[in-house]
Amino acid sequence: MIAKIIVHGENRIEAISKMKRALEECVIDGIDTNIDFLYKILENEDFIDGNFDTSFINKFLENESSTHKKETL
């Protein structure tokens with residue numbers, strides 16, 4: 001891990017908004033990062049609504065994979 005970003009907000013929506021802004025402003029050169037992946041999670045409706053559990057990442061990746069396949073057809 002190179003960095004850890006923690007944000008706080010009055011509510012979930014505000015905290016998500018602050019995290020998106022922090023990720024947009026984050027600059028890391030010379031190595032690959034997962035910033036794009038994290039940003040996509042922050043835009044996911046289930047994540048925004050708080051509808052997730054420990055299987056969220058696997059389901060998210062499966063959905064992203066199937067969406068990407070549909071877009072390339």
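Index from 1, following the sequence.
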### Task
Please name the residue in the list Thr33, Leu38, Ile35 that meets the side-chain contact (heavy atoms from CB on, under 4.5 Å) test with Cys26.
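Output: one option passes, namely Ile35.
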### Query
Tell me, which pairs form a salt bridge (charged side-chain N to carboxylate O under 4.0 Å, His left out) where one or both residues lie in residues 22-32, sequence neighbours left out?
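Output for this query lists Arg21-Glu25.
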### Task
Give every residue pair that meets the salt bridge (charged side-chain N to carboxylate O under 4.0 Å, His left out) criterion with at least one member in residues 41-50, sequence neighbours excluded.
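As it turns out, the salt bridge (charged side-chain N to carboxylate O under 4.0 Å, His left out) pairs with a partner in residues 41-50, which skip direct neighbours, are Lys20-Glu43.
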Got a sec, which residues hit side-chain hydrogen bond (donor to acceptor under 3.5 Å, both in side chains) with [X], two or more places apart in sequence or on another chain?
X	value
Asn11	none
Lys18	Glu14
Thr54	none

Taking side chain to side chain contact (heavy atoms under 4.5 Å, CB included) as the definition, give me every residue that meets it alongside [X], ordered by chain and number, with sequence neighbours left out.
X	value
Ile2	Ile31
Ser17	none
Asn58	none

### Task
Establish whether Leu23 and Val27 are linked, either directly or via other cluster members, by ILVMFWY side-chain heavy-atom contacts under 4.5 Å.
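Not linked; separate clusters.
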### Message
Hydrophobic clustering (ILVMFWY, side-chain heavy atoms < 4.5 Å, transitive) - are Ile13 and Ile6 grouped together?
### Response
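In one cluster with Ile6: Ile13, no.
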### Query
Can you check whether Asn51 reaches Phe56 side chain to side chain, under 4.5 Å on heavy atoms?
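No - every pair of side-chain heavy atoms lies 4.5 Å or more apart.
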### Task
Please report the C-alpha distance between Lys40 and Phe47 in whole Å, then the side-chain angles of each, then the deciding distance to 0.1 Å, and finally whether the side-chain contact (heavy atoms from CB on, under 4.5 Å) criterion is met.
CA-CA 10 Å; Lys40 286 181 183 179; Phe47 183 82; over 6 Å; no
#### Entry: Criterion side-chain contact (heavy atoms from CB on, under 4.5 Å) on Ile48 and Arg12, from CA distance to verdict
CA-CA 7 Å; Ile48 292 168; Arg12 183 173 187 80; 5.7 Å; no
### Query
Which residues satisfy the ring-ring contact (aromatic ring centres under 6.0 Å, His included) test with Phe37, sequence neighbours excluded?
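Partners of Phe37 under the ring-ring contact (aromatic ring centres under 6.0 Å, His included) test: Phe60.
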### Stepwise side-chain contact (heavy atoms from CB on, under 4.5 Å) test for Ile41 and Ile57
CA-CA 9 Å; Ile41 289 174; Ile57 296 295; 3.6 Å; yes
### Task
Could you list all the ring-ring contact (aromatic ring centres under 6.0 Å, His included) pairs where at least one residue sits in residues 4-28, not counting sequence neighbours?
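Listed by first then second residue: nothing to list.
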### Message
Show me the pairs that pass ring-ring contact (aromatic ring centres under 6.0 Å, His included) and involve residues 10-36, at least two apart or across chains.
### Response
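Qualifying pairs: none.
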### Query
At their closest point, which heavy atom of Ile5 faces which heavy atom of Met19, and how far apart are they?
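Result for this residue pair: O-CE, 3.3 Å.
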